[in-house]
Amino acid sequence: MKWLVRGFVAVVGLVVLLAIAGTSWMVWRFHDTKPQVSGSVSVAGLDADVSVIRDQYGVPHIFGESEADIFYALGYAHAQDRFFQMDMMRRYVHGRLAEVLGERAINVDARNRIRGYPHVATAAVDNLSAEARAAVDAYTAGVNARLAQGAPSPEYAILRFEPEAWRPEDSTAVVVYMADSLAAGEYEEMNRRRLEGLLNAEQIAQFLPTFPDWAPTMLQAEDFDGPPADPPMPDGEAQDDVNGGSNAWVQSGEYTASGQPLLANDPHLGLSAPGIWYYAHLALPDGHVVGATVAGAPLVVLGRNDVSAWGFTNTGFDVIDLRPVARGSMATTERLEVIEIAGGEPLEIIVRDTQDGPVLDPDYFDVKAYGDVDVVLMSTALNRSNDVADVSYRIMKSRSWAEFVEAGRGYTAPMQNMHYANVDGTIGYTTAGLVPLRAEDGSWSGYIPYDELPRVENPVSGRVASGNNRVTPDNYPYPTPGEFAIYRGIRIDELLNTAERHDIGSYHDVQMDVTSAQAQSLIAIIARSEPQTEAGLDARDRLAAWDGEMGMDRSEPLLYALWYRALAKSIYGDELGDNFRRFVGNRRGFIHNVLMEGQSAWCDDVATAQTETCDQAVGAALDAAMMRGVQRYGDNVDDWVWGEEHQAVFDHPAFTGLPILDDIFTVRQPVGGDGSTLNVAVYSIRADDFDVFHGPSLRAVYDLSDLDRSRYMHAPGQSGHPWSPHYRDLAPMWAAGESFELRTDWTPDDAPDGATILVLRPGG
């Protein structure tokens, strides 16, 4: 028996020694990959010294003698802080994730190869002007200068593969990545087709409602000449189930304390560690540019120069169609794609293309609902004339409204609302991108001409505000179908109307608002409901007295969230049956119409003989919510805390959910709000938890009376290195609503306190 014990102890000891050795090796490798942020480095390809001065938040301020050297240094800094993220984005677009992540990435790779994303990225390089190509080439050289020094990120040691050199088509792939994440229409069309076998035509029209006439549009009728379009929006094309999105608003000096414009922007995207944005200040020879870059590309996408500021939100326009065609009715070409798989054999797929787009392979796309036909993907994200790198370059250089508008010409996707302000007092709104015009047979007959896209300079109202609500009023002369949000636009208008003049502080308060206009609209419905349990009656009374504020320290938001999740099952779970989970969502417009606009037939449970009322359905959902809540959180509702269950999860592309690595690479932060609040915090209504996966990717407020007073924030941090002090330092500040300045009124000779200075010198 003793030998068994001794043997066991020996094995345990060996395991411990191996673990210590492995941990020591990992610590050494991790430290070896941390970026050098001070001193000097000799690198090949520079013409003169460049200073990369990182402030206390890790934001690089880059000073050099030429544009080329500054873009080179930005590439070097991106590769220092974010190269694994850059690598994953380009591999996503080029369909090469499975090479490092194995079988779990095969479907993603296959879908993007079939869509043709690698060819779109390559074509975008060919579209570059000489100026933009020079910027991309200099940036690429800077990235590769850092790679030449080895060990750019700790993930490579864990996954055991080596990074490849950066190419210009990898930078354009980053643009394709953004277009893919923001383009609307593909999955909405698939779901509409699936519903046709489950609901009748009237039910589908109600389940997928058009944008309501009681909610505000971004642009106003007085911004356009002429009568309403015929039709202003095709029936059934507009839906309002947008969960996240973005906010932006700009007001003229008539409504600000300084007498100069103020512009706010907080784009909402999927949360990740590191985040999508990387702040930088480029001290270019012809002026300063400050704002959000995307690691992998050399340009400031959202930000300001010395005279103007700009912010984007998604238009929500439907720019993707799935067109069923009889097999053999369209000419196709074929190409072979080979997907390499870590730990497995290569996979060969045959891709078929038509003149309108690729044929979706049913092995990788769920197109069964379309029947025995070919389904062709038509998407503006696949247009190979995209000139987006030049657009971003021209926007950075623009000095007037006219130049800003002209800068967008040639942009294809992702379609964006662009808010603008200038120190000369001008404010404006424009769009850039392709909006399809559709023929009766479903084909695309062209696009809205660039000069006739939605646009306004110095609107009569003195304001343009976007909460992803419908963009155009009824007298805009082109149809703009899409998917739009309702309640954030309402809340923005409400809060902006509460003060005659605004400043940076009041704009910040609007961005951080966590009062749900939707919840407020439903409180009266809840108050008259008919729960059948004592707990349900208690829940009703609590929510009836609630103000709709979803602070992270309150219990009512958690109770409301449990109720809203149960309400979906109560309202349409019986009609959809086994397919309920596929279609469950927030469906805010639909819920409003059922409970307030006479579509109460949905409240009846079709599985029972009696006819249930909406008051009964709402009450039953309260009963179910309390049953679930007590099981999970205990009997005392006062002890329920929204922020304990509702946390922003900044997940890592490879390691979230894995033992040990999850704790190192994933960032979690309690937050308030939900998908309907201005401070958006989206969780899945389908899931069993309230983890937030979509929220403000950055916040910025630009003060045109003094652009150096503009305020910025993003999360979780500037660095992609988990042992960097800037990997997660901004997450608690982001959640608390803090922000910082990125000033341009200093030089390398008088850098701010706490800054680190790295000088890149020609050599190498």
Side-chain angles (χ1 to χ4, degrees), residues 184-215 228-242 316-326 360 365-378 436-444 470 474 479-486 567-608 611-614 617 685:
E186 179 177 337
Y187 296 106
E188 294 79 8
E189 289 210 18
M190 287 183 178
N191 281 337
R192 174 176 288 275
R193 182 57 66 104
R194 294 179 186 121
L195 283 171
E196 291 176 359
L198 302 172
L199 303 175
N200 61 41
E202 181 182 10
Q203 288 175 316
I204 292 175
Q206 293 175 349
F207 197 62
L208 304 175
T210 56
F211 190 77
D213 57 11
W214 47 266
D230 184 22
M233 194 169 292
D235 289 344
E237 283 291 333
Q239 302 167 31
D240 62 281
D241 199 29
V242 174
F317 292 161
D318 184 356
V319 296
I320 298 177
D321 282 348
L322 300 182
R323 187 182 178 195
V325 297
L360 299 184
F365 294 87
D366 186 3
V367 293
K368 294 188 291 294
Y370 287 85
D372 190 24
V373 296
D374 282 340
V375 178
V376 176
L377 172 64
M378 300 189 298
L437 298 172
R438 294 164 170 90
E440 289 187 7
D441 66 354
S443 62
W444 290 1
R470 180 180 164 189
D474 285 348
T480 53
E483 189 179 44
F484 310 109
I486 297 174
L567 182 69
K569 183 73 171 178
S570 183
I571 296 293
Y572 55 93
D574 51 327
E575 282 84 2
L576 293 176
D578 293 341
N579 290 281
F580 170 72
R581 281 190 57 79
R582 179 189 289 274
F583 295 102
V584 65
N586 289 287
R587 306 201 172 279
R588 306 184 199 282
F590 167 69
I591 293 297
H592 172 93
N593 291 343
V594 169
L595 299 181
M596 300 184 215
E597 300 292 341
Q599 295 178 8
S600 57
W602 289 87
C603 293
D604 177 41
D605 186 346
V606 299
T608 67
T611 300
E612 287 81 12
T613 67
C614 286
I685 195 172

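The structure presented is a predicted model; accordingly, all values stated were derived computationally and were not measured. Numbers here simply count residues along the sequence, with the first being 1.
- Considering CZ of Arg587 and CD of Gln206, their distance stands at 13.0 Å, rounded to 0.5 Å.
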Show the numbers, then the answer: is there a side chain to side chain contact (heavy atoms under 4.5 Å, CB included) between Cys603 and Val594?
CA-CA 8 Å; Cys603 293; Val594 169; 3.7 Å; yes
Please lay out, stage by stage, how Arg194 and Asp366 fare under the test salt bridge (charged side-chain N to carboxylate O under 4.0 Å, His left out).
CA-CA 10 Å; Arg194 294 179 186 121; Asp366 186 3; 3.1 Å; yes
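- Distance check, rounded to the nearest 0.5 Å: CD1 of Ile571 to CG of Asp605 gives 10.5 Å.
- Partners of Asp441 under the salt bridge (Lys or Arg N to Asp or Glu O under 4.0 Å) rule, at least two apart in sequence or in another chain, are Arg323.
- Pro324 places none of its side-chain heavy atoms less than 4.5 Å from the side chain of Asp374.
- How far CZ of Phe365 is from OH of Tyr370: 12.0 Å, rounded to the nearest 0.5 Å.
- For the residue pair Arg438 and Pro481, the shortest heavy atom distance occurs at NH1-CG, 3.9 Å.
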Walk me through it: do Leu208 and Leu195 pass the test side chain to side chain contact (heavy atoms under 4.5 Å, CB included)?
CA-CA 10 Å; Leu208 304 175; Leu195 283 171; 3.9 Å; yes
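- Judged by distance alone, the side chain of Asn593 and the main-chain N or O of Leu595 form no donor-acceptor pair under 3.5 Å.
- One finds the CD atom of Glu188 at 10.5 Å from the CE atom of Met190 (value rounded to the nearest 0.5 Å).
- Counting heavy atoms from C-beta outward, Met378 and Pro436 have side chains that stay 4.5 Å or more apart.
- Put simply, the side chain of Trp444 reaches to within 4.5 Å of the side chain of Asp321, judged on heavy atoms.
- Checking side-chain atoms of Asp604 against main-chain N and O of Glu612 turns up a donor-acceptor pair under 3.5 Å.
- In this structure, the side chain of Asp574 engages the main chain of Val606 through a donor-acceptor pair within 3.5 Å.
- The residues Lys368 and Asp372 are annotated as not salt-bridged, no charged nitrogen and carboxylate oxygen being separated by less than 4.0 angstrom.
- Taking the six-membered ring where the residue is Trp, the centroids of Tyr572 and Phe583 are separated by 6.0 Å or more.
- Side chains of Asp318 and Glu483 form no contact here, defined as non-hydrogen atoms less than 4.5 Å apart.
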Decide yes or no on side chain to side chain contact (heavy atoms under 4.5 Å, CB included) for Leu377 and Ile320, but give the supporting numbers first.
CA-CA 7 Å; Leu377 172 64; Ile320 298 177; 3.5 Å; yes
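- Remark: side-chain polar atoms of Glu189 are paired, donor with acceptor, to backbone N or O of Leu322 under 3.5 angstrom.
- In this view, Asp213 satisfies the side-chain hydrogen bond (donor to acceptor under 3.5 Å, both in side chains) rule with no residue, not counting sequence neighbours.
- Counting all heavy atoms, side chain and backbone alike, Ala215 lies closest to Ile486 at CB-CG2, 3.9 Å.
- Rounding to the nearest 0.5 Å places CG of Leu199 at 5.5 Å from CG of Leu576.
- Looking at every heavy atom in both residues, Ala617 comes nearest to Leu567 through O-CD1, 4.5 Å.
- Rounding to the nearest 0.5 Å places CH2 of Trp214 at 4.5 Å from NE2 of His592.
- A donor-acceptor distance shorter than 3.5 angstrom exists from the side chain of Asn200 to the backbone of Gln203, with no hydrogens or angles considered.
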